[in-house]
Amino acid sequence: MPLRVYNVLQREKVDFVPLHEGKVNMYVCGPTVYDHSHLGHAKAYISFDMIVRYLRFSGYDVLYVQNLTDVGHLLESGEDRILKKARQASALPMQIAETYARSYFADMDALGVVRPDISPRASAHIPEQIEMIETLLRKGHAYVAEDGVYFDVSSWPEYGKLSRRRLEEQETGSRRLKGSGKRSPEDFALWILAPEDHILQWNSPWGRGYPGWHIECSAMSRKYLGDTFDIHGGGIDNIFPHNECEIAQSEAANGVPFARYWLLVGSLTVNGQKMSKSLGNFVTIKDALARYRPEVIRTFMFQAHYTNPIDFSDEALRAAERGWERLASAVRLVRSRLRNAPEEGENTFAQVIRAHREQFIAAMDDDFNAPAALGVLQAFTGEVNKLLNSGEPVNKATLAAIEALYSDLGGQVLGIIPKDEAHGVDMRLTDALIRLLIEIRAQARAEKNFARADQIRNQLRALGVILEDRPEGTTYRLE
RNA sequence: GGCGUCGUAGCCAAGUGGCAAGGCAGAGGUCUGCAAAACCUUCACCGUGGGUUCGAUUCCCACCGACGCCUCCA
C-alpha cells in the first residue's frame, strides 16, 4: 500500500509520489520568534515531527526546512512584532529574536521534536528575497509604489487556488488600505520602505527598508529545496493570506509549480476556541511541560488526526496521561522481564507482532493516521499484557521482539515511548538501591510483617517510586 | 455577507455502503495480606429531515448547530 496524503491543494486524499524517488523535500512555516511558544505551536510542530519521523521510518531521505521569522511580520498597526517586543524590553531586535529562537528550540527539544535540517532566518536571507522581488517586477507581477513594492494580485489569476476564495467574494469593506501605495486592497507588500528611525532596514534597489512577511518563505524554500518541492506544511490558520501569497509569488517568479503537496494542521482550541496569542487564552509549552511529560503531550496531540482541531483541557490531558501510562507500563514490564528471561526458544508471539506492526503501518500510510495507529498500539498492549500475565515463561526472543515493536513504532515514529532509561550511572545506582529495598520488603512480607512492608512501599511512593507486586515478583516504576 | 471545516457513547476520538477501532470515566468480576497494575464482562443505532440504494452512520440535498479564515497568530 502506498502512502496516501490529504493534499489541501486538491482537497482530497492522493497517493504520495515525491518528485525524486526516495527523496522528500519539505518546508514548514516556522514561528515568529517574538514570544514563548504555546501549545498551539506544539500541536503544529509535533504533527510535522510525526510526519517527518514516519517518512524517514518508511525509508525516505527527508530534507526538512523550517524557517524562523525574525523580521517583516507586521501587526495590524503596521508595527513589526519583533520591534514592538524589543521596544518593550529595551533590547535590540536581534536580541529578541535570539532569545525566543532559543526558547523555541528548547521547547521543541523538550517535546522530543526532531530539529529541522535547516532553520533559516528571514533576516539572513535579504538578498534572496530582493532577488525574487526583482524577478517579480521584471515579469510584471509587482510594482513599485511610493512606500514600497507590492505584488499585483490582479496579474495572477490563480491567486486563491489553495484557500479557494476569490477576492471579489470577500467582504472587502472590512479590509483597509494599509499601504497608501497599494493599487488594490488585496495586493500585498514585498518590500516596505522604512522610515529613518526604523531599526530594521537593509539596502535595496528601492531604498532602505525591510521585506514583507510572505516573501521570506518563498525565497528560502526556493534556496534550499528548489523551485518545486514535495511538501509544504503549516497551520490551517495561515492558509490565507500567507500560504496563498507564497504560492502566487513563487509560481509567478519561478514559472513552475511551487509545493506539490500541501499538508495543513488543524488548530488547537481551548473551550472550542482557537488558542492564540491575540485571544490571550494560551498555555505556554513551558507551563504544560511543568505539568505533563512530553510523551503525554505528544500522545494527547496524536489522539486526533493532525488535520482536525483538538480541544485542550486538563481533563483531556489527564485522560491522555492515563492512556499513555497503560502503554508505558507494558513497555516497562517487558524491559524488566527481558533482563532475566530464558534464553532458549523462538519468538512465539511473531504472528501477533507482525499483525499489529502491519496495522500500525497501514494506519500511518493512510494520511498519517496517528489516532488509529495509537489504537493499534493499545490493542497490541492488551495482547502483551495477557501474555505477560499468563503465568507462562516468556523467552528472550519473544520479549525482544515485543520491545522492538514498541521502540520502533512507539519510540522512533511517534516519540511517545522513551528509551530504556536504566543505563546511566545515576540510574544504575538508583535502580540497585530500589531493588535492595524491594528485597528487604519481600523478606518483611515473607515474615508477614506487613507494617514494615507497607512502610517501605509508602515511603517510596512519597519519593515517586511506585511498587507493584506481581506473581513473579515486585516491579517498580518512577512517577 | 463570502469561503471552508466539522457534528459518532458521560468525555476524547478512529472509521466504513452491509452486524460502529481505541483511550478516559462508570458498573460488576478475577488476582492480591492490603494496594497498585493487569485481565474478563458490561456501556452508541453515528445532529435533524428528505433523497439515491437490496441496504447508509458512510453518497446527494436541505436545515440546525459549532468552529476556522476573510485583519496579526502554527
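None of these values were measured; they are calculated from a predicted model. Chain A is the first sequence line, chain B the second, and so forth, proteins listed ahead of strands; every chain is numbered from 1.
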For nucleotides 40-44 of chain B, list the nitrogen or oxygen atoms of the protein found under 3.5 Å from its nitrogen or oxygen atoms, one pair per line.
| residue | atom | partner | partner atom | Å |
| --- | --- | --- | --- | --- |
| B:C40 | OP1 | A:Lys386 | NZ | 3.1 |

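- In this model, no donor atom of one side chain and acceptor atom of the other lie less than 3.5 Å apart for A:Tyr100 and A:Asp70.
- Comparing B:A36, B:A74, B:C3 against the side chain of A:Glu468 picks out B:A36 as the nearest.
- Relative ring orientation between A:Tyr54 and A:Phe368 is described as perpendicular, the plane-to-plane angle rising above 60° on a 0-90° scale split at 30° and 60°.
- Residue A:Leu268 is in base contact, counting any heavy-atom pair closer than 4.0 Å across all strands shown.
- Considering only side-chain N and O atoms, A:Asn369 lies nowhere under 4.0 angstrom from the phosphate OP1 or OP2 of B:A14.
- Nucleic acid contact for A:Leu467: base, since at least one base atom lies under 4.0 Å from a heavy atom of the residue.
- Using a 4.0 Å heavy-atom distance criterion, A:Ser276 is classed as a base contact.
- Distance check on atom C1': B:C45 versus B:A35 gives 41 Å, rounded to whole Å.
- As judged by a 4.0 angstrom heavy-atom cut-off over every strand, A:Asn389 is placed among residues touching the sugar-phosphate backbone only.
- A sub-4.0 Å separation between OP1 or OP2 of B:G33 and a side-chain N or O of A:Asn449 is absent.
- Within 4.0 Å of A:Tyr45, counting heavy atoms only, lie sugar-phosphate atoms of the nucleic acid but no base atom.
- Across all non-hydrogen atoms, the minimal contact from A:Pro371 to A:His305 is CG-N, 3.3 Å.
- Note: CZ (A:Arg326) to P (B:C24) measures 6 Å, nearest angstrom.
- Of the candidate nucleotides B:G4, B:A74, B:A36, B:A36 has the atom nearest to the side chain of A:Arg477.
- Here B:A13 is the nucleotide among B:A13, B:A38, B:A74 with the atom lying nearest to any side-chain atom of A:Ala304.
- Residue contacts shown for A:Arg461 are absent, as no nucleic acid heavy atom lies under 4.0 Å away.
- Look at the C1' atom in both B:C19 and B:U58: the space between them is 15 Å, to the nearest Å.
- In summary, the side chains of A:Glu216 and A:Asn67 do present a donor paired with an acceptor at a separation below 3.5 Å, with no hydrogens or angles considered.
- Nucleotides B:A21 and B:G49 have their P atoms positioned 24 Å apart, rounded to a whole Å.
- Within the nucleic acid shown, A:His38 comes within 4.0 Å of at least one base atom, counting heavy atoms only.
- A:Glu244 and A:His214 share no donor-acceptor pair across their side chains, judged by distance under 3.5 Å alone.
- Counting distance only, with no hydrogens placed and no angle test, the side-chain atoms of A:Arg457 and the base atoms of B:C34 include a donor-acceptor pair under 3.5 Å.
- A:Phe258 and A:Phe229 have their aromatic ring centers within a separation under 6.0 angstrom.
- Contact of A:Asp469 with B:C34 (side chain to base): a donor-acceptor pair of N or O atoms is detected under 3.5 Å.
- A salt bridge does not link A:Arg318 with A:Glu321: none of the charged nitrogens is closer than 4.0 Å to a carboxylate oxygen.
- In this structure, A:Gly160 reaches neither bases nor backbone, as no heavy-atom distance under 4.0 Å exists between it and the strands shown.
- Checked against B:A38, B:A14, B:C69, the side chain of A:Asn385 finds its nearest nucleotide in B:A38.
- Within the 4.0 angstrom heavy-atom criterion, only backbone atoms of the sugar-phosphate kind lie near A:Gly272; the bases stay farther away.
- B:A74 and B:A25 are spaced 32 Å apart, taking the C1' atom of each and rounding to whole Å.
- Applying the 6.0 Å contact sphere to CZ of A:Arg452 captures no more than 12 heavy atoms from other residues, nucleotides or ligands.
- Residue-level contact check: A:Ser313 touches neither bases nor backbone, having no heavy atom under 4.0 Å from any strand.
- Applying the 6.0 Å contact sphere to CD of A:Glu315 captures no more than 12 heavy atoms from other residues, nucleotides or ligands.
- Nucleotides B:G50 and B:C67 are separated by 26 Å at their C1' atoms, to the nearest Å.
- A gap of 7 Å separates the C1' atoms of B:U52 and B:C60, to the nearest Å.
- Within the 4.0 Å cut-off from OP1 or OP2 of B:A74, not a single side-chain nitrogen or oxygen of A:Lys274 is found.
- Taking 4.0 angstrom as the limit, A:Arg322 places a side-chain polar atom (N or O) nearer than this to OP1 or OP2 of B:A25.
- Nucleotides B:G22 and B:A13 place their C1' atoms 8 Å apart, quoted to the nearest Å.
- In the set B:C11, B:A74, B:A13, the nucleotide with an atom closest to the side chain of A:Pro371 is B:A13.
- For A:Met275, the side-chain atoms get nearest to B:A74 when compared with the rest of B:A74, B:G33, B:A38.
- B:A56 and B:G15 are spaced 14 Å apart, taking the C1' atom of each and rounding to whole Å.
- Residue A:Arg452 is out of contact with every strand shown, counting any heavy-atom pair closer than 4.0 Å.
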